[in-house]
Amino acid sequence: MNKIRTVMDKAQDTMTEIGAKAMLAATNAVGKAMNTKAGRYALVVPMAMSAMTINASAEGADAQGMIDAIMGILGPGVIGLGSLVAVVGGIQTGVGFKDDNADGKTRGFQTLIGGAIIAAVGAIVPSTISLGGS
């Protein structure tokens with residue numbers, strides 16, 4: 001039984017390694033292509049064209065419901081972005097303290113507070129937007 005488990009673990013490790021190498025190769029190829037004008041067109045134009053084929057319908061939906069749906073999608077993203085900015089600000093502040101750099105500490109605190117404000121707006125605004133309906 002242990003031999004089977006060992007063989008299965010080795011096969012899984014091998015497949016994971018192959019997949020990681022393939023993803024790295026694909027990422028490198030896309031990166032190289034994005035450095036050329038033709039490559040950017042070859043990658044961006046098909047994505048833009050496929051985005052244009054998305055069907056959107058507002059049948060049976062009122063404006064407030066649409067706004068609620070949009071804010072339900074964007075709200076968590078804004079909160080996540082604000083949290084990320086706050087973490088970056090915390091790191092900047094720590095580096096400023098490590099280097100004993102007053103400007104770095106100030107910028108770090110400003111970024112930290114800015115991220116907190118962004119996250120708070122993402123949490124508060126979606127629940128307060130209304131078109132004046134009941």
Side-chain angles (χ1 to χ4, degrees):
M1 196 64 154
N2 282 337
K3 287 183 179 182
I4 294 173
R5 181 170 291 157
T6 304
V7 170
M8 293 301 290
D9 287 343
K10 187 174 181 178
Q12 184 179 8
D13 291 343
T14 303
M15 293 306 292
T16 302
E17 186 177 331
I18 290 170
K21 287 180 180 178
M23 288 300 293
L24 180 63
T27 302
N28 288 337
V30 169
K32 287 178 184 176
M34 290 299 282
N35 287 330
T36 65
K37 196 172 196 177
R40 283 190 295 270
Y41 287 132
L43 293 170
V44 173
V45 170
M47 286 189 286
M49 294 300 286
S50 65
M52 287 184 212
T53 62
I54 296 172
N55 294 328
S57 175
E59 292 178 20
D62 60 343
Q64 185 65 44
M66 290 176 65
I67 289 176
D68 290 342
I70 291 169
M71 289 315 222
I73 294 169
L74 294 180
V78 173
I79 294 170
L81 176 66
S83 300
L84 180 65
V85 170
V87 168
V88 170
I91 293 169
Q92 285 179 332
T93 303
V95 171
F97 275 106
K98 179 187 79 76
D99 294 340
D100 198 25
N101 180 359
D103 188 46
K105 293 177 201 176
T106 303
R107 287 180 191 223
F109 276 123
Q110 288 173 342
T111 306
L112 179 71
I113 298 206
I117 291 171
I118 292 170
V121 166
I124 293 170
V125 169
S127 63
T128 60
I129 291 183
S130 175
L131 294 176
S134 55

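Just so you know, these numbers come straight off a predicted model, no measurement behind them.
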Problem set entry | Distance, nearest 0.5 Å, that separates OG1 of T93 from CD of Q110 | 9.5 Å

For this session: Could you name each residue pair satisfying salt bridge (charged side-chain N to carboxylate O under 4.0 Å, His left out) that touches residues 102-120, not counting sequence neighbours?
Result: D100-K105, D103-R107

For this session: Grab the two heavy atoms, one from N2 and one from T6, that are nearest each other, plus how far apart they are.
Result: O-OG1, 2.7 Å

For this session: Determine, using the 4.5 Å side-chain heavy-atom cutoff (strictly less than), whether I117 and L84 are members of one ILVMFWY cluster.
Result: no

Seminar exercise, completed: On a heavy-atom basis, the closest approach of S83 and A119 is N-CB, 4.2 Å

Problem set entry | Rounded distance [0.5 Å steps], CG in L74 versus CG in L81 | 11.5 Å

For this session: Scan residues 72-94 for pairs that pass salt bridge (charged side-chain N to carboxylate O under 4.0 Å, His left out), counting only residues two or more places apart or in two chains.
Result: none

Problem set entry | Residues clustering with M8 (ILVMFWY side chains joined when closer than 4.5 Å, directly or via others) | I4

For this session: Name all residues meeting the salt bridge (Lys or Arg N to Asp or Glu O under 4.0 Å) criterion together with K21; count only those two or more places apart in sequence or in a different chain, and write none if there are none.
Result: E17

Seminar exercise, completed: Apart from I118 itself, its cluster of hydrophobic side chains linked below 4.5 Å comprises V78

Seminar exercise, completed: In short, A116 meets A86 closest at the heavy-atom pair N-CB, 4.1 Å

Seminar exercise, completed: Tracing side-chain contacts under 4.5 Å among Ile, Leu, Val, Met, Phe, Trp and Tyr outward from L112 reaches F97, F109

